There are 2 protein chains.
Amino acid sequence: MARPREFDEDAVLDAAVACFWRHGFDATSIRDLVGQTGLTAASLYNAFGDKRSLFRLALERYIAGGIGPRLARYEAAPPLDGVRGYLDDVVARSLDDPANKGCMLVNAALEFAAQDAEFRPLIIGTFGRIEAFFLDCVRRGQGDGSMTRTLAAEDLALHCLAVLMGVRVLARIRPERAVLNGVVAALLAALVARPEEGRDGAADRSERGMT
Amino acid sequence: MARPREFDEDAVLDAAVACFWRHGFDATSIRDLVGQTGLTAASLYNAFGDKRSLFRLALERYIAGGIGPRLARYEAAPPLDGVRGYLDDVVARSLDDPANKGCMLVNAALEFAAQDAEFRPLIIGTFGRIEAFFLDCVRRGQGDGSMTRTLAAEDLALHCLAVLMGVRVLARIRPERAVLNGVVAALLAALVARPEEGRDGAADRSERGMT
DNA sequence: GTCATTATAGAACGATCATACTAAAACGCA
DNA sequence: TGCGTTTTAGTATGATCGTTCTATAATGAC
């Protein structure tokens, strides 16, 4: 009934992700987006709204295409393999990105931080999904004896999340395989059960007080 | 011989630090700086050069006033106390900052990342100083038996650095005491020597292979 | 007191920002 | 073949950006 779109929305959003991912929200201009997407400013505004809503769509697409699949890829793995796989994945992606863009979610979190009420729920919620993934790994790992029970599962999961964030920051400054692998190796060593811990599931849980 | 300055350079730089720390480089306008410092744009340019060199001075002042003293405060502490003190310090500062500005160095690192050749050396060098502090703590801790020798000191130091960065990011998103303390507690638990490790210095170093 | 020098104040600069407007163009349906 | 609707293309708009200019004010040296 009306004139049809001449562009592929997904391709345009991918181009927008590339722009925002590389330069952030503020430093990406509408002209940049016009140049990278190939369509005009009028079409951009007509199809996606203003710059903020386009950023939101781009960030959601980044999450749906990058973080979501990665979580799904390791959610059924053995606990230690899940954590290791997730972080090795991140390290590999960080190392083979010549632009060193890091993680768009971390970048957005620091650019908007607390002040932006519109993006906060999406950012916090996504980090919450990642934390939940780590928490699930740790709970299963503590249950099957592969991970240490000397700390609360919640603390260990937060530790994983913090190391993940740290890796994403460190990777932008020192994108060297030895550096990032060293960090991940130390995290995994911190998670594994110590030799003196029993390997028989929950049986020996009562032998230590709760701290 | 000429008209004297009417302002205190240090006070002006402190105001510039406050602006850049809170909003970053791009999102801070010269007009913001004019408003916060109280002097005119002409005086700003005359005294400090353009926006980039003012940012550099502000970042150097932040490092000299924030990070440097913190490193000095804990460099002579017992190894574990040094790491714990440094991170507890960071957590405390993060929690009592209502603006949640995080760390200006981390913010700058992510805003400029790899692309900016002018700020890279300062950013990388400062993180290098922090890493060297952690490495010194770990080496001493491994030497006196208080820290684990199951990993290379370099990897443990990098782990500390990554957790520090992660805490700085996490604190901007979830500035809750329990969250940040949990992360630090897990880091410290990862550093301490395990019960089966000898406490007699370097004596038992030969009993394990190098991995 | 005059001069050279530097600091101030405030307006002005061109560039670029996000966004809106005006027309023309391209379709489905009558 | 028109009509209604939406997408295009290009330009315009007002705001704000970093920076500079002009003029005036304040000092030490002579």
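All of these numbers come straight from a predicted model, not from anything done at the bench. Labels below follow one simple rule: chain letters A, B, ... track the order of the sequence lines, proteins then strands, and each chain is numbered from 1.
A donor-acceptor pair shorter than 3.5 Å cannot be found between the side chains of B/Arg168 and B/Asn107. Using a 3.5 Å distance cut-off with no hydrogens or angles, the side chains of A/Asp50 and A/Ser53 do pair a donor with an acceptor.
Comparing the end axes of the helix from C/dG1-D/dC30 to C/dC29-D/dG2, each fitted to five base pairs by superposing C1' atoms of four pairs onto the next four, gives an inter-axis angle of 0° (nearest 10 degrees).
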Strictly under 3.5 Å: I want the nitrogen or oxygen pairs between protein and nucleotides 18-22 of chain C, one per line.
residue, atom, partner, partner atom, Å
C/dA18, OP1, A/Thr28, O, 3.2
C/dA18, OP1, A/Lys51, NZ, 2.7
C/dA18, OP2, A/Ile30, N, 2.7
C/dT19, OP2, A/Tyr45, OH, 2.7
C/dT19, OP2, A/Lys51, N, 3.0
C/dT19, O5', A/Tyr45, OH, 3.1

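No donor-acceptor pair under 3.5 Å is formed between the side chain of A/Asn46 and the backbone N or O of A/Ser43. At distances below 3.5 Å, not a single donor-acceptor pair connects side-chain atoms of A/Trp21 with backbone N or O atoms of A/Leu105. A side-chain donor-acceptor contact under 3.5 Å links A/Arg140 to the backbone of A/Ala77. Counting only distance, with no hydrogens or angles, the side chain of B/Lys51 and the backbone of B/Thr28 share a donor-acceptor pair below 3.5 Å.
Here C/dC17 presents its P atom at 11 Å from CG of A/Leu33, a figure rounded to the nearest Å. Here D/dT19 presents its C1' atom at 16 Å from CG of B/Leu39, a figure rounded to the nearest Å. What separates CZ of A/Phe48 from P of D/dT7 is a distance of 11 Å, to the nearest Å. In this structure, CG of B/Leu44 is placed 12 Å from C1' of D/dG18, rounded to the nearest angstrom. Rounded to whole Å, atom C1' of C/dA24 lies 15 Å from atom CG of A/Asn46.
Contact annotation: A/Thr40 side-chain N/O to D/dT8 OP1/OP2 distance is not under 4.0 Å.
To the nearest 0.5 Å, atoms CD1 (A/Ile63) and CD1 (A/Ile123) are separated by 8.0 Å.
A/Phe133 and A/Tyr86 have their aromatic ring centers within a separation under 6.0 angstrom.
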